[in-house]
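Each chain gets a letter, A, B and so on, in the order the sequences are listed, and its residues count up from 1.
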Protein chains: 2
Amino acid sequence: MRISELVERTGVPLATVKYYLREGLLPPGRAVGAKLSLYGEEHVRRLALIRALRDTAGLPLAGVRTVVAVIDEPSPDPVASLGRAVAALPPAIAEDRHGPYPRAAAVAREIGEHIDPESTAMAQLEDALAAAESVGLGISPERARCYAEHVRAMAEYDVAHVPSGEAARSIEHVVLGTALYEPVIAAMRRLAHQDVARSAGAGGVRAEAED
Amino acid sequence: MRISELVERTGVPLATVKYYLREGLLPPGRAVGAKLSLYGEEHVRRLALIRALRDTAGLPLAGVRTVVAVIDEPSPDPVASLGRAVAALPPAIAEDRHGPYPRAAAVAREIGEHIDPESTAMAQLEDALAAAESVGLGISPERARCYAEHVRAMAEYDVAHVPSGEAARSIEHVVLGTALYEPVIAAMRRLAHQDVARSAGAGGVRAEAED
DNA sequence: CTACGATAGATAGCAGAGCTATCCATGACA
DNA sequence: TGTCATGGATAGCTCTGCTATCTATCGTAG
């Protein structure tokens with residue numbers, strides 16, 4: 001299809017599509033002569049991906065670039081690629097950051113024994129815990145245990161349902177699942193707060209806990 | 001304390017503190033004469049709150065303003081205030097947005113029966129589900145059921161542990177808990193993926209699912 | 001009592017992200 | 001043969017979140 005049709009089908013403005021092409025987020029179309037390129041379904045899908053990562057996952061375009069780079073290239077080292085992609089997801093962590101992460105370590109112990117103490121997610125957890133603590137919302141061991149139990153159960157479902165088969169496809173699934181299911185879970189939790197608060201009774205503090 | 005001490009204790013640059021004062025995010029100090037104001041512990045806490053909401057929860061300053069406004073004013077209608085505050089949390093939803101939210105409704109049914117179909121969280125869930133779907137990661141009813149179960153369990157813990165007592169304090173707790181525990185849960189989920197993937201065995205697809 | 005350094009308040013500038021708009025030359029197509 | 005979409009380049013624009021500078025004032029040490 002021509003660029004005008006791509007624009008029409010995705011709803012992304014022409015100037016923006018050109019910008020994404022310039023930035024290398026969207027691969028160039030198949031050139032037909034010097035003044036015409038044709039685009040395919042993969043361009044439609046890529047645009048949807050860019051918008052989803054940007055709008056829903058809140059990724060800056062630099063992060064989108066990292067993620068699509070991992071998805072595009074037939075990665076020689078899948079584990080390393082995956083690490084890079086997930087590290088590009090928000091919240092941002094300084095590259096030279098490293099442990100120890102005391103708060104995170106305590107919580108991680110509740111989750112499992114096979115956690116790399118230097119992974120980006122540890123730094124993210126440490127920051128999140130420190131921020132909560134700094135405003136008087138420190139997480140009790142009991143709460144950590146509760147969250148750990150349920151988060152682990154969801155992760156078990158996730159891992160069991162990663163499509164087996166081609167490695168590239170699995171990686172894409174894991175990266176996008178991490179990025180795009182997080183907002184889903186967050187929204188579901190807000191709804192659950194509503195529901196639980198209303199179920200618990202109509203008056204007092206609990207009724208105020210509606211979203 | 002003087003402004004210089006406030007700067008020193010929080011690590012926030014002087015120019016930035018002045019900016020927050022200008023923007024009304026930080027209440028003015030107690031004026032002592034025309035050229036000196038004194039600040040207290042509440043200013044230290046407020047600065048920590050602003051930075052936590054901005055850096056960890058990813059709130060734009062306009063959203064921080066909304067949240068602190070709700071926390072500050074002794075709200076006449078707690079439920080309404082709470083709704084405004086939680087609606088200010090990312091991801092952003094257009095003010096005039098309204099249902100129906102078909103994808104979200106299907107998932108919400110798994111969570112509970114007491115959900116307001118017009119709440120902001122429904123719109124957020126709808127967008128998140130649509131985004132996931134648009135890149136081929138639509139959520140199966142089975143997955144929705146799994147997530148709903150565990151999210152609800154966490155929400156039950158949360159609601160049961162909201163401090164009872166003064167309403168203002170409860171509201172603050174709920175708003176900040178919503179905003180600041182989401183990143184905690186997200187990071188924990190990433191760690192759980194790591195752990196489950198490694199526990200499941202060393203080779204093949206599952207080993208690639210490390211973060 | 002005086003000089004110095006901190007302060008309040010105002011204003012201007014700046015950097016990065018993410019577009020958006022314009023221009024031009026070309027070439028497809030009617 | 002004329003018109004219009006296209007590719008390619010470049011410039012500019014808006015918003016957010018600071019940062020820097022200037023000035024007048026004031027508390028306080030010497």
Side-chain angles (χ1 to χ4, degrees), chain A residues 1-40 43 46-68 88-92 94, chain B residues 1-40 43 46-68 88-92 94:
Chain A
M1 76 192 78
R2 313 159 72 97
I3 202 170
S4 51
E5 195 182 339
L6 183 63
V7 163
E8 200 181 335
R9 282 199 35 201
T10 60
V12 178
L14 172 64
T16 306
V17 171
K18 283 183 163 192
Y19 173 67
Y20 290 163
L21 284 167
R22 269 202 306 286
E23 293 292 306
L25 298 175
L26 191 63
R30 184 168 51 86
V32 174
K35 279 289 156 183
L36 187 61
S37 295
L38 295 183
Y39 303 86
H43 291 91
R46 173 56 54 89
L47 275 174
L49 176 60
I50 294 170
R51 301 302 262 201
L53 289 176
R54 203 197 53 125
D55 298 335
T56 303
L59 266 190
L61 292 190
V64 175
R65 200 191 330 272
T66 303
V67 171
V68 300
L89 304 180
Chain B
M1 76 191 81
R2 313 157 73 95
I3 201 169
S4 51
E5 194 181 340
L6 183 62
V7 163
E8 199 182 334
R9 283 200 36 201
T10 59
V12 179
L14 172 63
T16 305
V17 171
K18 283 183 164 193
Y19 173 67
Y20 291 162
L21 285 166
R22 269 202 308 285
E23 294 293 306
L25 298 174
L26 190 64
R30 186 168 49 86
V32 175
K35 281 288 156 183
L36 187 62
S37 295
L38 295 182
Y39 302 86
H43 292 91
R46 172 56 55 90
L47 276 174
L49 175 60
I50 294 170
R51 300 303 262 200
L53 289 175
R54 204 196 54 122
D55 298 336
T56 302
L59 268 191
L61 292 190
V64 175
R65 201 192 329 274
T66 303
V67 171
V68 300
L89 304 180

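- With contacts defined as side-chain heavy-atom distances shorter than 4.5 Å, the pair R2(A)/L38(A) qualifies.
- The shortest non-hydrogen separation linking P90(B) to G58(B) is CG-O, 4.1 Å.
- Judged by distance alone, with hydrogens and angles left aside, the side-chain atoms of R65(B) form a donor-acceptor pair with the main-chain N or O of E23(B) at under 3.5 Å.
- Smallest separation of non-hydrogen atoms from S37(A) and A31(A): OG-CA, 3.7 Å.
- Among residues at least two apart or in separate chains, side-chain hydrogen bond (donor to acceptor under 3.5 Å, both in side chains) pairs with a member in residues 6-19 of chain A are R9(A)-E41(A).
- Each of V32(A) and Y20(A) was assigned the nucleotide of DNA chain C with the nearest heavy atom; the assignment lying further toward the 5' end belongs to Y20(A).
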Practice prompt. Would you mind building the protein contact string for nucleotides 2-16 of chain D? One character per nucleotide, 5' to 3', B for base within reach (heavy atoms under 4.0 Å), S for sugar-phosphate only, - for untouched.
Written response: ---SBBB-B------
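- Each of R46(A), R51(A), H43(A) was checked for a side-chain hydrogen bond (donor to acceptor under 3.5 Å, both in side chains) with Y20(A), and the lone residue meeting it is R51(A).
- Nearest heavy atoms, L21(A) versus P28(A): CD2-CA, 3.9 Å.
- Using a 4.5 Å cut-off on side-chain heavy atoms (C-beta onward), V64(A) and L49(A) make no contact.
- Note that the first and last nucleotides of DNA chain C, 5' to 3', having any atom under 4.0 angstrom from a heavy atom of chain B are dA6(C) to dT11(C).
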